[in-house]
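A quick write-up on the structure given underneath.
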Amino acid sequence: MELGIPGRVPIETLVRQALERVAQGEPPSRIEVERVDFKEERGRRAHHGGVLSGETTNDPAAEHLAEELACMANTPGGGAVIVGVSDDGARIGTRLDADWLRHRIWELTSKQLTVAVREASLEGCRILILTSVEALAPIRYRGKLRWRVGANCVEVDPVVWQSRMLERIGFDWSGQPSGQTLDDVSPTAIEVARDYLREAKDPESDTSLAHATDADLLRRLNLTKGSNELTNAGALLFVATPWPAVDYIRRDMPGGDSTLRIEGAGPLLVQVRQVEQAAHVANRVTHTAAGFAHGRVRAIPPRTLREAVVNGLVHRDWLATGATVIEHVGDTLTVTSPGGFVGGVTPENIITHPAVPRYRNLSEAMASLGLAEREGIGVDRMVRDMLAMGRPAPVISEVDGPYVRVALLGGPPDTAVLDLVAGLSPGWADNVDSLLLIEHLTRNGWVDAQSATGLIQRSSAEEANDAIRRLADAYVDAAGSAPVISPVRGVPTNQPVAYRLSDTVGARLAHRLDSLRTQEGREALALDWCRARGRVSSTEVADLTGLSKVSASKLLTRLADAGQIQGGRARRRGRGFFYVPL
């Protein structure tokens with residue numbers, strides 16, 4: 001039985017885009033994505049590598065394709081296999097009969113999988129496009145359950161597969177009855193909950209709950225069913241997790257022996273409290289005194305540390321066994337939690353994507369306790385808090401398993417950044433877009449709407465351009481005479497405007513621009529600009545690098561002599577002369 005999940009990019013659209021790219025000369029090895037794969041027909045190659053004529057039936061090919069299509073069916077959204085193109089893009093074609101192949105795949109998958117098979121032509125070469133919608137029940141092939149991760153099929157645990165299916169149909173396991181009652185609740189967990197409520201500074205948190213009776217507290221947190229039974233979320237938080245939920249490891253340095261290990265057991269709230277207290281003690285304090293910014297600063301902002309820990313527990317897959325592993329090594333904290341991203345969230349859109357809780361009942365209870373963000377802006381705050389102290393933004397990724405991994409690279413703050421952020425125009429210090437743009441400019445030297453679109457995770461260049469314009473209106477002095485960014489000089493009027501750090505901000509963050517001020521850095525900057533913008537002039541390079549116009553011209557001449565760029569016209573001189581990518 002199969003089901004197509006709405007909201008995903010239609011598989012036919014992905015197939016069309018893939019075929020267009022192959023037709024333009026890209027090899028399939030660079031095109032294959034999670035839901036589209038290219039295959040040449042198995043058994044069509046002779047020992048010397050030549051291509052045989054092929055037959056209308058070919059059982060080894062059918063077996064190979066059945067395995068691949070079962071994998072696609074087990075993958076969220078289903079997928080397609082395009083038969084007749086080799087990895088290097090050669091048009092091998094296929095003579096396989098479409099009806100025979102469809103029936104044979106159905107037989108080979110124990111009559112579980114029916115795929116759509118249609119003929120198509122790629123530059124005169126007959127190919128087959130096999131598509132499978134997403135399966136409602138797991139489809140095994142030769143005893144193995146596999147799904148796509150990136151461009152590869154990998155084995156998946158049945159429990160993990162089932163958990164993903166429940167998420168996709170909107171089933172909230174955490175809100176279901178647990179079989180535990182109010183009589184099973186841990187008094188220690190109740191006291192921890194009251195402590196969190198009293199400490200909460202979020203106006204969304206109901207501090208009056210701290211003084212409610214135990215039963216009323218749990219009911220108002222929506223953690224009960226009927227009059228006495230707890231939801232699964234209530235049982236997790238206040239009774240016990242089914243296995244240790246947390247494995248916290250503290251090391252003073254990479255490769256060193258662990259100085260503390262917490263393998264949690266009991267109520268989840270108690271485990272969170274234990275880890276939070278241990279991590280707080282290990283979170284080094286730095287004393288700063290520079291302009292606006294002075295005082296005690298932690299290696300990792302406390303709010304960011306809590307957010308990483310809580311997210312790794314609230315949004316993990318509770319149907320998968322194993323702990324959320326928290327490694328605290330030196331000033332770096334890494335949280336690895338079972339279960340991948342859900343609801344279309346990816347590392348590339350996690351800042352701007354609407355919140356998609358895996359377990360709504362659990363998430364809402366944690367938000368009411370002041371431990372999670374009700375609006376789904378926790379990642380934004382993590383990014384903002386790290387960048388505001390001059391540290392790298394959190395590194396968030398999905399790794400095989402699947403697991404979600406969050407790495408916080410803490411350390412001594414950059415006092416120049418602290419000072420800069422403290423002096424920004426009112427409201428800008430809390431703007432994650434502005435901090436992402438400033439940090440990008442210290443590494444890349446320039447930004448425009450096109451390059452900022454992915455950086456600040458916007459869906460269009462127009463949205464990114466709006467964010468850049470808002471930053472262009474910000475200042476770093478009370479008089480409003482020192483802007484944060486300035487337009488790059490020399491850009492033709494018919495080209496999109498681009499920005500660099502203003503001279504004032506560039507001087508204050510000079511130590512962060514060192515890599516751009518070497519000869520190699522300036523040449524790389526000029527090449528990057530030329531390739532992205534389609535042209536480069538000495539005026540633009542002089543403004544971007546701080547060189548004189550004469551030195552900028554020499555830099556471009558060196559790049560041209562090295563075969564990296566070429567003149568926009570035959571003679572390398574004259575007013576308005578520019579170079580283009582080679």
Side-chain angles (χ1 to χ4, degrees), residues 159 162-163 166-167 170-200 202 204-248 261-279 306 309-324 326 337-339 357-374:
V159 175
Q162 185 65 40
S163 176
L166 293 176
E167 292 160 10
F171 178 82
D172 181 12
W173 170 85
S174 71
Q176 303 306 304
S178 68
Q180 305 281 355
T181 69
L182 294 174
D183 295 333
D184 300 312
V185 169
S186 162
T188 303
I190 291 286
E191 285 309 306
V192 170
R194 295 188 194 281
D195 287 343
Y196 277 126
L197 286 166
R198 284 188 287 264
E199 295 167 5
D202 187 343
E204 294 288 334
S205 299
D206 186 356
T207 54
S208 68
L209 281 176
H211 308 292
T213 65
D214 294 358
D216 198 29
L217 170 64
L218 291 164
R219 291 190 185 103
R220 287 168 64 182
L221 288 172
N222 196 30
L223 294 175
T224 59
K225 288 285 186 181
S227 60
N228 196 45
E229 189 174 14
L230 296 172
T231 65
N232 284 323
L236 284 175
L237 291 169
F238 289 93
V239 180
T241 56
W243 43 79
V246 176
D247 186 2
Y248 172 85
R261 185 160 191 175
I262 298 174
E263 294 181 273
L268 180 59
L269 276 180
V270 175
Q271 296 182 51
V272 170
R273 191 64 157 183
Q274 291 173 337
V275 169
E276 190 177 22
Q277 290 174 339
R306 171 186 278 189
V309 171
V310 171
N311 277 352
L313 291 165
V314 172
H315 301 302
R316 60 159 288 168
D317 184 354
W318 280 103
L319 300 184
T321 59
T324 294
I326 303 169
S337 51
R358 190 189 301 269
Y359 303 116
R360 186 169 297 280
N361 187 236
L362 177 60
S363 298
E364 290 179 349
M366 292 294 272
S368 296
L369 290 167
L371 281 169
E373 297 296 340
R374 197 182 302 271

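These numbers come from the heavy atoms of this one structure, side chains and all, not from hydrogens, waters or symmetry mates. In this chain, residues are counted from 1 in sequence order.
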Look only at the side chain of [X] and the backbone of [Y], and say whether a donor-acceptor pair between them is shorter than 3.5 Å.
| X | Y | answer |
| --- | --- | --- |
| Glu229 | Gly179 | yes |
| Arg194 | Ala212 | yes |
| Asn361 | Asn222 | yes |
| Arg316 | Pro338 | no |
| Glu191 | Pro187 | no |
| Trp318 | Leu313 | yes |
| Ser363 | Pro357 | no |
| Asp184 | Val239 | no |

As a quick check of understanding, evaluate side-chain contact (heavy atoms from CB on, under 4.5 Å) for Val272 and Tyr196, giving each step before the final call.
CA-CA 11 Å; Val272 170; Tyr196 277 126; 3.7 Å; yes
Around Arg219, counting heavy atoms of other residues, nucleotides and ligands shown, do more than 12 lie under 6.0 Å from its CZ?
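Yes, enclosed.
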Would you check, one step at a time, whether the test side-chain contact (heavy atoms from CB on, under 4.5 Å) holds for Leu371 with Val314?
CA-CA 10 Å; Leu371 281 169; Val314 172; over 6 Å; no
Between Asp195 and Arg273, does the side-chain contact (heavy atoms from CB on, under 4.5 Å) criterion hold? Intermediate values first, please.
CA-CA 10 Å; Asp195 287 343; Arg273 191 64 157 183; 3.8 Å; yes
